[in-house]
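Below: one structure, written as structure tokens.
Computed from heavy atoms alone, side chains included, the values below leave out hydrogens, waters and symmetry copies.
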Amino acid sequence: MAAGVHVLDDYYLVITLLVTVAYQLLFFSVAFSFKFDKLTDFAGGTNFVILAILTLALSRNPDARQVVASVFIMVWGLRLSLFLLFRVLKTGKDDRFDDKRDKFFPFLGFWIFQMLWVWTCSLPVTVLNSPAVQQYSPQASFATSRDIAGVVLFAIGFIMESVSDVQRFVFRSKNDKSAICDRGFFHWSRHPNYFGEIIIQFSIYMICVSAAADGPVGGQAFKALYATILGPLFLTILLMFVSGLPLSERPGAKKRYENGLNWEAYQRYLNRTSILIPFPPQIYARLPTFIKRTIFLEFPMYVFDPAKHSDIAKNQQPADEERQGNSTAKDRRSSEPLTDNV
């Protein structure tokens, strides 16, 4: 098999970085100039598609593994970008940028972070399609056990993320802010879309690394393929410690508590539903806190404790407690079991 076209470096790292920076800056200039941020997520998702098409085309004669891995990341990126575009057009605005939209550097900072996200998470496919890897031939035939596992995991992750996105959107459009979305995948996990996205990225990595694990790829290319695990790890860290769970868990619970948005029912939902990994709620509710904090990744940083984190004075009850005349639930932790029956 002929190696791909050499462009700047043998791993396509520079060309993909340049394309990503140029693409994101183009959309940033439009968004900042016209104060129009509805295309922000669309720019992120479609960037994955562009990089996959670019590197696949440069590889000349791609094999089945390259095609499958590239198509998977394109399908995921396109689905995500179109859904987020549809959602922001329906809602009217993106609340994340209310304090950044008119400020050049804070707003630019988000776009720079998006550049890093796209480029890093694209690494497995980028390196797989590169001349450094494709110079080794013949490549192992597609359909190794690792390939099959990757395809199965991708299907699971894609279904979970796409279906849960739709489930939550439909639920919110039909209910008020006090309602709790505990249906479908949300019955098993508080964030099934995040779990599905993590599974997707690791599944694509599994397929890409098969060229080294089950094939002839060696030397620096072998190391480079395995090093692309940085992509799925970066996404996992991003969702768990930066922009995913930290921005939704404690802040969401705090908002419900302070605004009287069905707090006690939501507290019971927190107690019985795994934060990320899908698990039967009847069993999860009875697990020791230690197991929840470790195996199920419900770290203390996500937990809302009214006594510590609420801005309401300690002697002032939240709105729903005043209506119900119940002052005992105020100091319970959001993840500790209640004595009420769920």
Result for ring-ring contact (aromatic ring centres under 6.0 Å, His included) between Phe32 and one of Trp111, Phe105, Phe27, Phe104 points to Phe104

query = Can you find a heavy atom in the side chain of Ile207 that is under 4.5 Å from one in the side chain of Phe72?
reply = yes

Would you say the side-chain atoms of Arg256 pair up with the backbone N or O of Ser178, donor to acceptor, closer than 3.5 Å? yes

**Asked** In terms of the angle between their ring planes, are Phe222 and Tyr226 parallel, tilted or perpendicular, with boundaries placed at 30° and 60°?
**Response** tilted

Checklist entry - So Tyr284 and Lys292, side-chain contact (heavy atoms from CB on, under 4.5 Å) or not? Walk me through it. => result CA-CA 8 Å; Tyr284 188 81; Lys292 293 181 179 181; 3.5 Å; yes

d(Phe154 CZ, Ile73 CD1) to nearest 0.5 Å is 9.0 Å

message: Are Phe195 and Ile291 linked, directly or through intermediate hydrophobic residues, by side-chain heavy-atom contacts shorter than 4.5 Å (ILVMFWY only)?
response: yes

* Between Thr46 and Tyr23, is any side-chain donor less than 3.5 angstrom from a side-chain acceptor? -> yes

ring-ring contact (aromatic ring centres under 6.0 Å, His included) with Trp76: of Phe48, Phe158, Phe83, only one passes, and it is Phe48

* Geometric class of the Phe241/Phe299 ring pair [parallel <30°, tilted 30-60°, perpendicular >60°] -> parallel

Taking every heavy atom of Gln114 against every heavy atom of Thr40, the minimum-distance pair comes out as NE2-O, 3.1 Å

Nearest heavy-atom contact between Cys181 and Tyr269 is O-OH, 3.5 Å

When you measure from the side chain of Arg250 to the backbone N and O of Pro300, does any donor-acceptor pair fall under 3.5 Å?
-> yes

On a heavy-atom basis, the closest approach of Leu261 and Lys255 is CD1-O, 4.3 Å

Smallest heavy-atom separation, Arg190 atom then Thr273 atom, equals NH1-O, 2.7 Å

Thr16 and Trp119: side-chain donor and acceptor closer than 3.5 Å? yes

Between Asp214 and Ala140 the two heavy atoms that sit nearest each other are O-CB, 3.1 Å

Exercise. Take Arg79 and Asp165 through the test salt bridge (Lys or Arg N to Asp or Glu O under 4.0 Å) and record every step on the way to the result.
Key: CA-CA 11 Å; Arg79 200 269 336 159; Asp165 277 342; 3.0 Å; yes

